[in-house]
Protein chains: 2
Amino acid sequence: MTAEEAETAARMFKALGDPVRLRLFSSVASHEGGEACVCDISDVGVSQPTVSHHLKKLREAGLLTSERRGTWVYYRVQPSVLAAMGRLLAPAFAPAPSQDQSPAPTPAT
Amino acid sequence: MTAEEAETAARMFKALGDPVRLRLFSSVASHEGGEACVCDISDVGVSQPTVSHHLKKLREAGLLTSERRGTWVYYRVQPSVLAAMGRLLAPAFAPAPSQDQSPAPTPAT
DNA sequence: ATCGTGTTTCGATATGTGTCAACATAGACT
DNA sequence: AGTCTATGTTGACACATATCGAAACACGAT
């Protein structure tokens, strides 16, 4: 893993590395229709401006997208994120650079 | 996702939310034999004490375990982490999208 | 005792987190 | 139109936490 890849990946992990943000992200991702209004996910124990700040961070990290429709603002998960996460985690957990045949280093503890 | 689950999961994401730590974790995870000596992974652009700091954080987050064998200290990935990550990401990324679409977000009255 | 490998302590600097107040936007209402 | 209300965002600030390296320490091997 190069320094550049690490930067990109770490930015995503970092965005999810806060309980409030993780819950917000999870709420959006698991919401019916794939999108959620801010008013539907604002019950995470912090003030509404704080929610907005966190949503901004998730947006800036490329994890969420926002769209205003009328009065409400809807957030949805950036589709590419799913694949990106998978690609990032897979090599870390099952690198198999060239000669490794074991798919996952799960040593019998 | 409850607040408690978010706390636990966020701690893991947070630990990986730093480029240096992510590279260290990746190095350990992808190292042959499933473990790596500190001396093998210390080339990440920061001083050796800093590497030790980050490795400690990864340990405290439950992502890595360390073991001293003679002169060197070996790190390996906590096996349960792989499954835990999978469980965490799966529901967020594959929320079994329902066909129901309710545009009205039921604002708090 | 001396060297090599990691860890810890300590301090300086940087970044993150949360709230209040103010602002922007969209709909409703007279 | 103008005004009011509701929904989110942004700015400013206090407070907490993270990051990093120099120096000192702990541990094992020679």
Side-chain angles (χ1 to χ4, degrees), chain A residues 3 6-25 27-28 31 35-76, chain B residues 3 6-25 27-28 31 35-76 102-109:
Chain A
E7 288 279 349
T8 303
R11 218 176 303 133
M12 296 172 54
F13 283 118
K14 192 174 192 175
L16 295 177
D18 178 274
V20 173
R21 281 197 296 272
L22 188 55
R23 289 184 71 189
L24 289 171
F25 180 81
S27 294
V28 173
H31 210 264
E35 70 180 9
C37 169
V38 175
C39 58
D40 283 334
I41 59 178
S42 294
D43 190 20
V44 287
V46 293
S47 69
Q48 210 281 324
T50 301
V51 169
S52 193
H53 281 299
H54 283 302
L55 286 174
K56 184 178 186 180
K57 288 214 169 188
L58 288 170
R59 248 185 301 141
E60 291 173 345
L63 295 172
L64 295 179
T65 61
S66 67
E67 178 197 2
R68 178 172 209 129
R69 287 207 301 276
T71 304
W72 299 286
V73 176
Y74 294 87
Y75 278 79
R76 58 171 61 233
Chain B
E7 287 281 350
T8 303
R11 218 176 303 134
M12 294 171 56
F13 283 117
K14 191 173 191 175
L16 295 177
D18 179 276
V20 173
R21 280 198 295 271
L22 188 54
R23 291 184 70 189
L24 288 172
F25 180 80
S27 294
V28 173
H31 210 264
E35 69 179 10
C37 169
V38 176
C39 58
D40 284 334
I41 59 179
S42 295
D43 190 20
V44 287
V46 293
S47 69
Q48 209 282 326
T50 300
V51 169
S52 193
H53 282 291
H54 284 303
L55 286 173
K56 184 178 184 178
K57 289 215 166 188
L58 288 170
R59 249 185 300 140
E60 290 172 344
L63 294 172
L64 295 179
T65 61
S66 67
E67 179 197 0
R68 177 171 210 130
R69 286 208 300 276
T71 303
W72 298 285
V73 176
Y74 293 88
Y75 279 78
R76 58 171 60 233
S102 25
T106 63
T109 49

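Chain naming here is simple, since letters A, B, ... match the order of the sequence lines and numbering starts at 1 in each.
In this model, no side-chain donor or acceptor of His54(A) finds a partner on the base of dG18(C) within 3.5 Å.
Within the nucleic acid shown, Tyr75(A) comes within 4.0 Å of sugar-phosphate atoms alone, with no base atom in reach, counting heavy atoms only. Counting any heavy atom pair closer than 4.0 Å across all strands shown, Thr71(A) reaches sugar-phosphate atoms only and no base atom. Within the 4.0 angstrom heavy-atom criterion, only backbone atoms of the sugar-phosphate kind lie near Arg21(A); the bases stay farther away.
Other residues, nucleotides and ligands contribute over 12 non-hydrogen atoms within 6.0 Å of the CG atom of Asp40(B).
Sequence order on DNA chain D of the closest nucleotides to Gly70(B) and Leu55(A) puts Leu55(A) first from the 5' end. Both Val73(B) and Ser47(A) sit near DNA chain C, but only Val73(B) has its closest nucleotide nearer the 5' end.
Distance Arg23(B) CZ to dT19(D) P: 16 Å, rounded to the nearest Å. If you take OH of Tyr74(B) and P of dT7(C), they are 13 Å apart, rounded to a whole angstrom. Across the protein-nucleic acid pair, Gln48(B) atom CD and dC20(D) atom C1' stand 13 Å apart, rounded to whole Å. When rounded to the nearest whole Å, the span between CZ of Arg69(B) and C1' of dA29(D) equals 16 Å. Separating the CD atom of Glu7(A) from the C1' atom of dT19(D) is a distance of 14 Å, rounded to the nearest angstrom. As rounded to whole Å, 13 Å separates atom P of dG8(D) from atom CG of Leu24(A). Taking atom CD1 of residue Ile41(B) and atom C1' of nucleotide dG6(C), one finds them 12 Å apart after rounding to whole Å. Taking atom CD of Glu67(B) as the reference point, atom P of dT7(C) lies 13 Å away to the nearest angstrom.
Comparing dG16(C), dG8(D), dT5(C) by their closest approach to the side chain of Trp72(B) singles out dT5(C). Side chain of Arg68(A), nearest nucleotide from dG8(D), dT5(C), dT25(C): dT25(C). Listed candidates were dT8(C), dT9(D), dC20(D). Nearest to the side chain of Asp18(B) is dC20(D). If you check dG18(C), dG8(D), dT10(D) against the side chain of Arg59(A), the one that comes closest is dT10(D). Picking from dC27(D), dC20(C), dG8(D) the nucleotide with the shortest atom distance to the side chain of Pro49(A) gives dC20(C). With dT7(C), dG11(D), dT7(D) as the candidates, the nucleotide lying closest to the side chain of His53(A) is dG11(D). In the set dC20(D), dT19(C), dT5(C), the nucleotide with an atom closest to the side chain of Thr50(B) is dC20(D).
Not one side-chain nitrogen or oxygen of Lys14(B) sits closer than 4.0 Å to the OP1 or OP2 atom of dT17(D). Here Lys56(A) does not reach the OP1 or OP2 of dG8(D): none of its side-chain N or O atoms lies under 4.0 Å away.
Checking side-chain atoms of Arg68(A) against main-chain N and O of Gly70(A) turns up a donor-acceptor pair under 3.5 Å. Judged purely by atom type and a 3.5 angstrom limit, Arg11(B) has no side-chain atom pairing as donor or acceptor with the backbone of Ala61(B).
Distance NZ/Lys14(B) to CZ/Arg21(A): 8.5 Å, rounded to 0.5 Å. Rounding to the nearest 0.5 Å gives a distance of 11.0 Å between CD1 of Ile41(A) and CD of Glu35(A).
Inter-residue side-chain proximity for Val20(B) and Thr50(B) is flagged as unmet; no heavy-atom pair is nearer than 4.5 Å.
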